[in-house]
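Below is one structure, written out as structure tokens, with a few remarks after it.
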Amino acid sequence: MAPLLQVEDLKTHFHLRDGVVKAVDGITFHVDKGETVGIVGESGSGKSITSLSIMRLVPEPGRIVHGRILFGANGQPKDVVKMTDEEIRDFRGSDVSMIFQDPMTSLNPVLRIGFQVREAMSAHDRFSDEQSKSRVVPLLKKVRIPGAADRTKAFPHQFSGGMRQRVMIAMGLSNEPSLLIADEPTTALDVTVQAQIIELLRDLNREMGTAIILITHNLAVVASICTRVIVMYAGRIVEEGYTRDIFKNPQHPYTWSLLRSMPRLDAARHSKLLTISGLPPDMSNPPPGCKFHPRCRFRVDRCLEEEPPLGEVGPNQFARCWVLMRNALVTQPEKAAAAEVPIPPLTAEPAQIDQRSEPDRPGAVKA
Amino acid sequence: MATAPSDYVFQDEFTADSTYEVGEAVSLWKDAWRRLTSNYFALFGLAVIVLLLLVAIVSQFWTPYPTWKQGIGPTYGGPSAAHPFGLDQVGRDILSRLMGGAAIALAVGLGTALLSSVIGIALGLLAGFYRGWVDTMISLLINVWYGIPDLLVVMLFVVIINSRELKWIIVAISITAWLNMARLVRGQTLALREREFVEAARSIGTRDVGLLTRHILPNALGPIIVQATYLIPAAILFEAFLSFLGLGAPPPEPSWGAMCAEGYKSLQLAAHVTLVPAFALAITLIALNAFGDGLRDALDPRMRR
Amino acid sequence: MTLETSPEVESRVVDKQLALVSVEDVTKHFPIGAGLLGGGSAVRAVDGVSFEVRAGETLGLVGESGCGKSTLGRVIAQLHPATSGKVIFQGQDLVPMRGEKLRRMRQELQMIFQDPYASLNPRMTVGEIIGEPLKNFGLARGKERSNRVHEVMRTCGLNPNFLNRYPHEFSGGQRQRIGIARALVLNPTFIVADEPISALDVSIQAQIVNLMEDLQNRFKLTYLFIAHDLSVVRHLSDRVAVMYLGKIMEIADSHSIYENPLHPYTKALLSSIPIPDPDLEAKRQPILLQGEIPSPVNPPSGCRFHTRCPIAQFPICSEQVPPLESKVDGHLAACHFAGQL
């Protein structure tokens with residue numbers, strides 16, 4: 001079966017006065033129907049520009065200069081890059097919708113919530129006006145907004161950050177798109193609220209079969225929700241594979257180091273963190289060869305001159321590296337050992353507890 | 001920001017960060033200068049100001065004829081080779097008087113801008129930094145002052161001082177002109193004092209004087225300079241207006257405003273007596289405002305990439 | 001003589017039983033809408049908090065946004081005056097101190113700020129920024145001052161050749177090092193670090209965390225480390241205090257808090273944090289709290305957490321404020337039903 005989304009050799013460049021910034025430089029990946037794929041990377045890795053390219057929302061002076069973005073599972077997939085303005089308007093919000101980090105700036109402060117959700121539907125002709133109207137409350141219920149019927153009259157500022165993000169998700173799902181792109185949807189939120197939103201996204205993915213691309217810098221969030229992971233660095237995919245493989249058996253030194261540089265909730269105190277030296281590259285003047293080599297502790301001479309291809313390193317796992325961790329751990333064990341962080345097993349499982357989540361418990365605050 | 005690896009020597013520990021060259025040293029002022037010089041209208045303004053400054057300086061040592069000497073040639077004499085801008089109603093050389101007038105205009109403009117800026121900055125800093133009753137008093141003063149017509153203040157001042165010397169004219173205009181500067185600085189200070197770097201400066205034991213002079217004032221300097229630049233043409237215009245009314249620099253001082261006033265009675269007879277100083281005034285004001293606008297655009301942080 | 005071998009550092013005591021800072025019943029209210037005729041209400045950002053920070057330890061202070069943790073940090077660092085209560089540091093109450101006396105105390109008590117972009121004066125060079133504390137206290141002049149600045153820069157992993165550069169020429173991680181150097185140059189005993197890594201890129205965070213640990217060991221520093229990221233706090237802290245809506249809910253040594261949380265809020269907080277391990281994640285089931293943190297202008301009666309608590313019992317939880325008391329040896333929790341979730 002054809003994938004839902006197939007991105008082929010996508011290049012999105014920014015032509016600035018002092019040169020070209022190759023924000024996204026030749027990436028290829030796919031998303032299957034109903035799948036959850038995480039795209040992780042630091043600021044400047046190109047993860048957000050990738051998602052904006054899929055929506056054809058790349059800000060000036062950026063332009064998609066090369067590649068195809070094929071969308072559509074059944075029948076003939078259409079190339080988003082070649083769509084007319086009319087087609088792209090219909091595509092956005094209807095086939096694919098996107099939610100952003102800051103839900104406040106995406107909502108109009110002077111319009112009521114219910115109206116804004118309805119408007120998201122009336123912009124497309126999937127539902128009649130009558131249908132749109134009757135769908136508002138169920139949609140808000142679906143994203144677990146307590147007292148949904150009363151809350152349609154409220155204005156965005158009367159909602160908390162988490163509730164606004166739920167409204168954005170409701171709007172994003174209102175036309176039943178087959179793909180939802182979530183760009184750092186929980187970064188601005190507190191951890192307890194983040195957990196609620198992740199749980200919501202996971203449930204919606206299960207119930208409605210909506211595929212999700214989750215763009216984030218937080219590897220832990222990816223581990224909790226995504227089936228596949230794409231790791232980006234300096235505009236390129238450096239590693240790709242099933243979540244379990246990437247986390248248990250990363251082959252690219254960047255992925256490997258990143259996982260060891262993060263303090264973990266289940267790791268005891270004073271295990272020295274691994275540091276990735278240096279800074280993410282300046283994208284207007286990237287280093288030659290492998291883009292990660294200035295920061296890589298396992299690099300060999302070849303890395304300085306020649307950029308490695310994204311090669312298959314295992315079943316459905318790909319990495320862009322000449323060395324690969326499975327070799328580095330054998331040939332350069334001292335470098336790996338110097339950095340290895342002992343991670344003790346989780347002793348007390350904090351979550352073997354019955355949870356209570358009845359929505360309208362007495363005394364519960366309507367946030 | 002441009003950061004390029006200066007060498008690829010691998011360093012494991014935290015010093016590694018500093019093996020990376022930081023970007024080229026471009027100070028904020030240099031950046032602003034680059035933007036200012038790419039604005040042709042502002043450059044025109046700057047050129048006129050420089051010219052004016054030169055003329056004003058020269059006029060202190062040399063003018064074709066003494067600015068006060070009457071009967072050099074025919075009364076209301078038109079432009080000629082000896083008197084390019086002609087002669088006025090008592091036969092004084094207009095070019096000479098125009099040059100002398102440039103010095104007066106610049107003295108009034110710069111003097112007022114400086115003096116009223118000092119008053120405005122001081123009061124604005126105090127009000128914004130200490131807030132509370134200090135702010136209440138200063139804000140009250142500003143609001144009451146706004147309600148009193150400038151002309152009334154100046155006239156009262158001139159009467160009380162009983163002198164129309166140029167320095168008193170400057171003081172008189174300054175005590176009406178500091179209000180906007182004070183408001184601007186107060187607003188800037190209120191915003192800046194809440195900034196984290198000011199809080200940080202407090203935490204390292206910086207005294208109030210240091211907070212004001214090292215942390216708050218330098219960061220408000222951009223808008224202050226712009227505001228001061230606008231004060232110059234406003235003061236020149238105000239002085240011209242006062243002279244026109246006969247309240248400015250006393251005769252025979254060649255103030256442009258006084259020259260306009262003296263000539264306009266005979267506008268139909270000899271238009272050049274009024275038009276020449278009026279034109280000089282207009283060009284000067286346009287140039288100063290153009291330069292002010294250019295400076296504002298150059299220093300505006302929103303313009304900074 | 002280097003900073004490290006200075007007599008101040010030599011004589012510094014590391015005794016994780018001894019209180020260096022005692023916070024006693026501190027409140028901080030920000031009045032809102034108070035007119036000329038008085039009235040109006042207040043944001044009760046910190047509302048009766050007591051704890052101590054012990055010599056040479058790192059106390060982690062965690063909570064969600066709006067819980068008052070940053071305000072508390074600033075009250076302890078004497079950047080905001082406390083509304084009431086005591087902050088006893090080296091035997092002296094800082095709260096009533098004003099003027100020169102308070103300014104002198106700041107030598108011992110420094111702060112690292114969250115936003116490395118906002119906390120450095122853009123009009124000053126790096127050398128001026130790091131040298132300013134010395135200037136303020138007249139501690140070193142001329143060559144001596146610049147030597148100290150050089151030394152501190154190297155200690156913090158900055159290249160002293162960049163002394164004359166401006167902050168905007170540096171990356172976020174480098175700027176945070178500048179902020180740390182500025183705090184360190186006075187050779188303080190106690191540092192309040194307000195979310196020092198949350199504004200940085202993931203790959204840079206570890207550099208700063210390691211730097212802070214290293215500095216603590218070398219200079220026998222005591223940290224109050226404020227963060228919302230419980231993973232980092234676990235990594236750095238000897239003890240942890242959990243804050244919710246202006247009050248401390250639980251305080252204990254790091255191991256007990258993470259392995260055996262007694263307060264239902266702590267438990268929910270811990271279960272909300274994803275772990276970068278898909279196998280563990282598949283097994284874990286977060287305790288989802290209802291709603292979000294209520295407004296500190298009008299906090300809930302009784303236990304402040306009762307509106308979101310999965311084990312709240314009524315009316316006791318909505319009427320009686322549970323005291324922060326020792327439940328198991330030295331493990332303090334403010335809950336009527338501690339350990340029952």
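Since the structure is predicted, the reported quantities are computational estimates derived from the model, not experimental observations. The sequence lines fix the lettering, A, B, ..., with proteins before strands; numbering per chain opens at 1.
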Does C:Lys220, at its NZ atom, have more than 12 non-hydrogen atoms belonging to other residues, nucleotides or ligands within less than 6.0 Å?
yes
Part of [X] within contact of chain B (heavy atom distance under 4.5 Å):
X        : answer
C:Leu186 : side chain
C:Arg74  : side chain
C:Leu109 : backbone

Hey, is the main chain of C:Asn121 close enough, under 3.5 Å, to the side chain of B:Asn219 for a donor-acceptor pair?
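Here the side-chain-to-backbone pair does not exist.
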Using modelled atom types only, decide if a donor and an acceptor are shared between the side chain of B:Arg195 and the backbone of C:Ala118 within a distance under 3.5 Å.
no
Take C:Gln110 and B:Ile204 through the test side chain to side chain contact (heavy atoms under 4.5 Å, CB included) and record every step on the way to the result.
CA-CA 7 Å; C:Gln110 282 297 304; B:Ile204 53 170; 3.2 Å; yes
Can you confirm whether B:Arg202 sits close enough to C:Gln78 that some side-chain heavy atom of one is under 4.5 Å from a side-chain heavy atom of the other?
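The answer is no; the side chains never approach within 4.5 Å.
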Please step through side chain to side chain contact (heavy atoms under 4.5 Å, CB included) for the pair C:Glu132 and B:Arg214, ending with a clear verdict.
CA-CA 10 Å; C:Glu132 191 180 14; B:Arg214 282 203 296 274; 2.9 Å; yes
Could you please state which residues from residues 97-105 of chain C sit under 4.5 angstrom from chain B, measuring non-hydrogen atom to non-hydrogen atom, sorted by number, or 'none'?
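Residues C:Glu100, C:Arg103, C:Arg104 are the ones that qualify, each having a heavy atom under 4.5 Å from chain B.
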Could you tell me which of B:Pro218, B:Ala201, B:Ser203 has the largest number of non-hydrogen atom pairs under 4.5 Å with chain C?
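Looking at each of B:Pro218, B:Ala201, B:Ser203 in turn, B:Ser203 comes out on top.
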Closest-packed option against chain B by number of heavy-atom pairs under 4.5 Å, given C:Met153, C:Met124, C:Gln114, C:Gln107
C:Met124
Among C:Pro188, C:Pro133, C:Ala77, which has the most heavy-atom pairs under 4.5 Å with chain B?
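Most heavy-atom pairs under 4.5 Å with chain B: C:Pro133.
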What is the minimum heavy-atom distance between C:Ser119 and B:Glu196, and which atoms define it?
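Scanning both residues completely, I find the closest heavy atoms to be CB-OE1, 3.6 Å.
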